Chemist: 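Just passing along the structure, written as structure tokens.
What you see is a predicted model, and the numbers here were worked out from it, not measured in a lab.
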There are 2 protein chains.
Amino acid sequence: MNLNQAARCLEKLGNPTRLEVFRLLVRAGHEGLSVGEIQDHLGIPASTLSHHIGHLVNAGLVAQQREGRQLICKPDFALMDGLIDFLTAECCMLTGKPETQRDAG
Amino acid sequence: MNLNQAARCLEKLGNPTRLEVFRLLVRAGHEGLSVGEIQDHLGIPASTLSHHIGHLVNAGLVAQQREGRQLICKPDFALMDGLIDFLTAECCMLTGKPETQRDAG
DNA sequence: ACGATAATTCTAGGATTGTCGAAATATAGG
DNA sequence: CCTATATTTCGACAATCCTAGAATTATCGT
């Protein structure tokens, strides 16, 4: 995870609707949720939701797989961990977390 | 830190230039850096840099204080910690980190 | 007051984003 | 094939963002 990759992820999560979608998917866990189920939770027009999910998929934060007529969305936990690792390592104090430090810069 | 606050911080950090500014300030530590020093590092026009710093200040991620002719910028470490806590608690697996969990919801 | 330095505000342009109805595509079942 | 369901793509519009030169404000030293 480099700075530009991180910025891209942060940009996508930096929209209230998308952050809510992502949080919903994280809470759903490895089973994921269909687009329609997400829509039931958020109550926004399908085209708007599809637009936002497209952004998340494009950034790699969400993966989709078809199951019959439904498209199941799942968060990429590893990428999210990578993002948090980046923020912790590059944009935090690191005080009291020496094991996270990389080169004692 | 609620979802909208988090989204606002993420949005501001989700721009490569601003993320680089913020990382630079974090690396500078509690002493901070003047706007001019940041400009020396990044090499972008003063008005563009000022615009981006304004965004970071507006979101509370960066604080400024004047020292003579210079404006010193410092990151708000506590807010950044709060953001990472939010992401860890609401947008992560939480597997193997039970002490980070808040209410086992 | 004057000149130099530090940084912001003004202004304007093109680029991108967010929204959502309408139309189109994909799948399932009879 | 026809109908219903699930979701995306298209199209349009307003709103916001990014960039950066020019002008302005703030501070310091003399």
Chemist: Is the shortest heavy-atom distance from the side chain of A/Leu24 to the side chain of A/Glu37 under 4.5 Å?
Modeler: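 Heavy-atom side-chain distance check fails, nothing below 4.5 Å.
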Chemist: Counting C-beta onward and ignoring hydrogens, is there a side-chain heavy-atom pair between A/Phe77 and A/His30 closer than 4.5 Å?
Modeler: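 Yes, close enough: below the 4.5 Å cut-off.
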Chemist: For a quick check, tell me whether the side chain of A/Ser47 and the base of C/dG21 share a donor-acceptor pair closer than 3.5 Å.
Modeler: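 Such a pair exists between side chain and base.
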Chemist: Does the B/Arg23 side chain pair with the main chain of A/Glu90, one donor and one acceptor, at a distance under 3.5 Å?
Modeler: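 Not confirmed, B/Arg23 side chain does not pair with A/Glu90 backbone.
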Chemist: I'd like the 5' and 3' limits of the part of DNA chain D contacted by chain B, with heavy-atom contacts below 4.0 Å.
Modeler: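 Range of nucleotides touched by chain B: D/dC17 to D/dC28.
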Chemist: Is there side-chain contact between A/Leu87 and A/Leu10, with at least one heavy-atom pair below 4.5 Å?
Modeler: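 A side-chain contact under 4.5 Å exists here.
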Chemist: Is any side-chain heavy atom of A/Thr48 closer than 4.5 Å to one of A/His51?
Modeler: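 In short, these two side chains do not touch, never coming nearer than 4.5 Å.
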Chemist: For DNA chain C, find the residues of residues 62-73 of chain B with a heavy-atom distance under 4.0 Å and give them by number; none if there aren't any.
Modeler: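 Residues of residues 62-73 of chain B that come under 4.0 Å of DNA chain C are, in numerical order, B/Gln64, B/Arg69, B/Gln70, B/Leu71.
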Chemist: In terms of the angle between their ring planes, are A/His52 and A/His55 parallel, tilted or perpendicular, with boundaries placed at 30° and 60°?
Modeler: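 Rings of A/His52 and A/His55: tilted, as their planes differ by 30° to 60°.
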Chemist: Can you measure A/Ile44 atom CD1 to C/dG18 atom C1' for me and round it to whole angstrom units?
Modeler: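 Answer to the nearest Å: 11 Å.
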Chemist: Please state how far atom CZ in A/Arg18 lies from atom C1' in C/dT16, giving the value in whole angstrom units.
Modeler: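 To the nearest whole Å, that distance equals 12 Å.
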Chemist: Using a heavy-atom cut-off of under 4.0 Å over every strand shown, decide if A/His51 touches base, sugar-phosphate, or nothing.
Modeler: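 Base: the residue A/His51, judged by heavy atoms under 4.0 Å, touches a nucleobase.
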Chemist: Is the backbone N or O of A/Ala46 less than 3.5 Å from a side-chain atom of A/Ser50, with the two atoms forming a donor-acceptor pair by type?
Modeler: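 Judged by distance alone, no pair lies under 3.5 Å.
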Chemist: In terms of the nearest nucleotide of DNA chain C, which residue is placed more toward the 5' end: A/Thr48 or A/Glu11?
Modeler: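 Residue closer to the 5' terminus by nearest nucleotide: A/Glu11.
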Chemist: Please confirm whether the shortest side-chain N or O distance from B/Ser50 to OP1 or OP2 of C/dT8 is below 4.0 Å.
Modeler: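 B/Ser50 to C/dT8 OP1/OP2: side-chain N or O found under 4.0 Å.
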Chemist: Can you tell me the distance, in whole Å, between the CG atom of A/Asn15 and the C1' atom of C/dT16?
Modeler: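 So the two atoms are 13 Å apart, to the nearest Å.
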Chemist: Tell me whether B/Val26 shares a hydrophobic cluster with A/Met93, the cluster being built from Ile, Leu, Val, Met, Phe, Trp, Tyr side chains joined at under 4.5 Å.
Modeler: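 Hydrophobic grouping puts B/Val26 with A/Met93.
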